[in-house]
Amino acid sequence: GAWVRGWLLDLYPAPDGMVLWTLDAGQKRRRLVDTSFAPAFCVGGPLDEIARLTPQLPAEFPVRLDWVERQDIWSGDWQTVLEVGVTRLDRFAEVVRWVHRRAPRAELFNCDISLPALYAYEKGVFPLARCAFDVDESNGVRALAVEDDPWATQYELPPLATMEWR
């Protein structure tokens, strides 16, 4: 693979992964796809109700399921929850709705965060961050490294062009 450098212009979910649009120093735009991103949400509450979902969910959707311990942000208590990782980004909201309908007494965590925001948080990227991307021959992202500091006040600007309508 080859490492390419550029500024992160945009990102959005697609069925095959998170799409990242970048701009390099020579003003070349590149569409990259990160297939490693599998967002997850957690299902807490009555364990018997949640356990009934475990055989049904993988039969209906492309998901991975794990029982994990998570700390409640408000009470500080640890609880056992079902972590549902969704491997097709375009089905994330559908999976959340399905779980909500089938387990109405359950609490859902991290299911209302936008996928681009969740990706940015998990990968440590931010708008217009200068990054290095290890890409394969089909522009798939194998790794990424952020080269900018989100708190910096002095940084190199991307070579943006201006378009005017008359």
Side-chain angles (χ1 to χ4, degrees), residues 1-44 57-58 60-66 68 70-74 81 83-101 106-166:
W3 283 87
V4 296
R5 289 184 157 64
W7 288 269
L8 182 61
L9 296 178
D10 192 16
L11 56 108
Y12 55 86
D16 56 339
M18 188 61 70
V19 173
L20 299 96
W21 278 97
T22 66
L23 179 69
D24 70 16
Q27 291 190 318
K28 179 180 178 188
R29 290 171 299 283
R30 186 182 304 245
R31 181 187 187 271
L32 307 175
V33 179
D34 188 343
T35 59
S36 72
F37 179 58
F41 66 97
C42 292
V43 185
L57 255 171
E60 295 280 329
F61 300 102
V63 296
R64 81 172 156 66
L65 304 176
D66 291 308
V68 296
R70 292 290 187 258
Q71 190 172 26
D72 184 274
I73 194 169
W74 304 111
V81 295
E83 184 178 70
V84 181
V86 183
T87 58
R88 285 269 316 251
L89 302 187
D90 60 330
R91 311 258 339 245
F92 187 84
E94 181 184 359
V95 174
V96 170
R97 286 190 302 272
W98 187 92
V99 168
H100 182 65
R101 280 194 307 272
E107 289 183 274
L108 304 182
F109 303 98
N110 294 348
C111 64
D112 57 352
I113 301 170
S114 76
L115 295 182
L118 185 60
Y119 179 89
Y121 173 76
E122 288 186 6
K123 302 290 184 171
V125 299
F126 51 93
L128 296 181
R130 187 169 173 96
C131 301
F133 304 91
D134 180 13
V135 298
D136 61 25
E137 57 282 342
S138 61
N139 281 332
V141 175
R142 287 196 286 242
L144 73 85
V146 178
E147 298 179 334
D148 277 344
D149 177 353
W151 304 108
T153 56
Q154 299 293 319
Y155 48 86
E156 186 180 358
L157 293 174
L160 299 174
T162 304
M163 182 169 69
E164 294 183 26
W165 289 89
R166 296 184 189 256

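Each residue takes its place number in the sequence, starting with 1. All figures in this text were calculated on a predicted structure; none of them were measured in a lab.
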### Message
Just verifying a value: how many Å separate Cys42 SG and Glu83 CD, rounded to the nearest 0.5 Å?
### Response
5.0 Å
### Query
For Val68, does its backbone N or O pair with a side-chain atom of Asp66 as donor and acceptor, under 3.5 Å?
no
#### Entry: Proximity of Trp98 and Phe61 rings by center, below 6.0 Å
yes
### Query
Can you tell if the side chain of Leu32 reaches within under 4.5 Å of the side chain of Val19, non-hydrogen atoms only?
no
## Note on the structure
Here the gap from Arg130 atom CZ to Arg5 atom CZ, rounded to the nearest 0.5 Å, amounts to 7.5 Å
### Task
Of all the heavy-atom pairs spanning Gly124 and Val146, show the shortest one and how long it is.
O-CG2, 3.3 Å
#### Entry: Spacing of SG belonging to Cys131 relative to CZ belonging to Phe126, to within rounding of 0.5 Å
7.0 Å
### Query
So, do Leu108 and Val99 sit near enough that their side-chain heavy atoms are less than 4.5 Å apart?
yes
### Task
Only one of Leu9, Asp34, Val33, Asn139 passes side-chain contact (heavy atoms from CB on, under 4.5 Å) with Leu20; say which it is.
Asp34
### Task
Give a yes or no answer on whether the side chain of Asp24 reaches the backbone of Gly6 with a donor-acceptor pair at less than 3.5 Å.
no
### Query
Would you call Leu115 and Met18 a side-chain contact if the rule is heavy atoms closer than 4.5 Å?
yes
### Residue pair Asn110 / Phe92: nearest heavy atoms and the distance that separates them
O-CZ, 4.2 Å
### Query
Salt-bridged, Glu94 to Arg97, with N to O below 4.0 Å?
no
### Val95 vs Leu57, side-chain contact (heavy atoms from CB on, under 4.5 Å): CA-CA, chis, key distance, verdict
CA-CA 8 Å; Val95 174; Leu57 255 171; 4.0 Å; yes
### Task
Working to the nearest 0.5 Å, report the span between CH2 of Trp21 and CG of Leu11.
13.0 Å
### Query
Is the CG atom of Leu160 crowded by more than 12 outside heavy atoms at less than 6.0 Å?
yes
### Query
Roughly how far apart are Gln27 CD and Arg29 CZ, rounded to 0.5 Å?
8.0 Å
### Heavy-atom pair with the smallest gap, counting every atom of Pro158 and Leu23
CB-CD2, 4.4 Å
### Query
Is atom CZ of Arg64 surrounded by more than 12 heavy atoms (other residues, nucleotides or ligands) closer than 6.0 Å?
yes
### Query
To the nearest 0.5 Å, what is the distance between CG (Asp149) and OH (Tyr155)?
11.5 Å
### Query
Counting only N and O atoms by type, is there a donor-acceptor contact under 3.5 Å from the side chain of Thr22 to the main-chain atoms of Trp7?
no
### Task
Could you tell me whether the side chain of Val43 reaches within less than 4.5 Å of the side chain of Phe109, counting heavy atoms only?
no
### Side chains of Tyr121 and Ile113 in contact at under 4.5 Å (non-hydrogen atoms)
no
#### Entry: Nearest atoms (heavy-atom pairs only) where Arg91 meets Glu60
NH2-O, 4.0 Å
#### Entry: Closest contact, heavy atoms only, Leu118 versus Pro39
CD2-CB, 3.8 Å
### Query
Got Asp136 and Arg142 here, is their nearest side-chain heavy-atom distance under 4.5 Å?
yes
### Query
Hey, mind stepping through Leu89 and Phe37 against side-chain contact (heavy atoms from CB on, under 4.5 Å) and telling me if it holds?
CA-CA 8 Å; Leu89 302 187; Phe37 179 58; 3.9 Å; yes
### Message
Quick one, Pro58 and Leu65 - any side-chain contact, counting heavy atoms below 4.5 Å?
### Response
yes
### Query
Stepwise, does the side-chain contact (heavy atoms from CB on, under 4.5 Å) test hold for Val125 with Leu144?
CA-CA 9 Å; Val125 299; Leu144 73 85; 3.6 Å; yes
#### Entry: Heavy-atom check, side chain of Lys123 versus side chain of Ser36, under 4.5 Å
yes
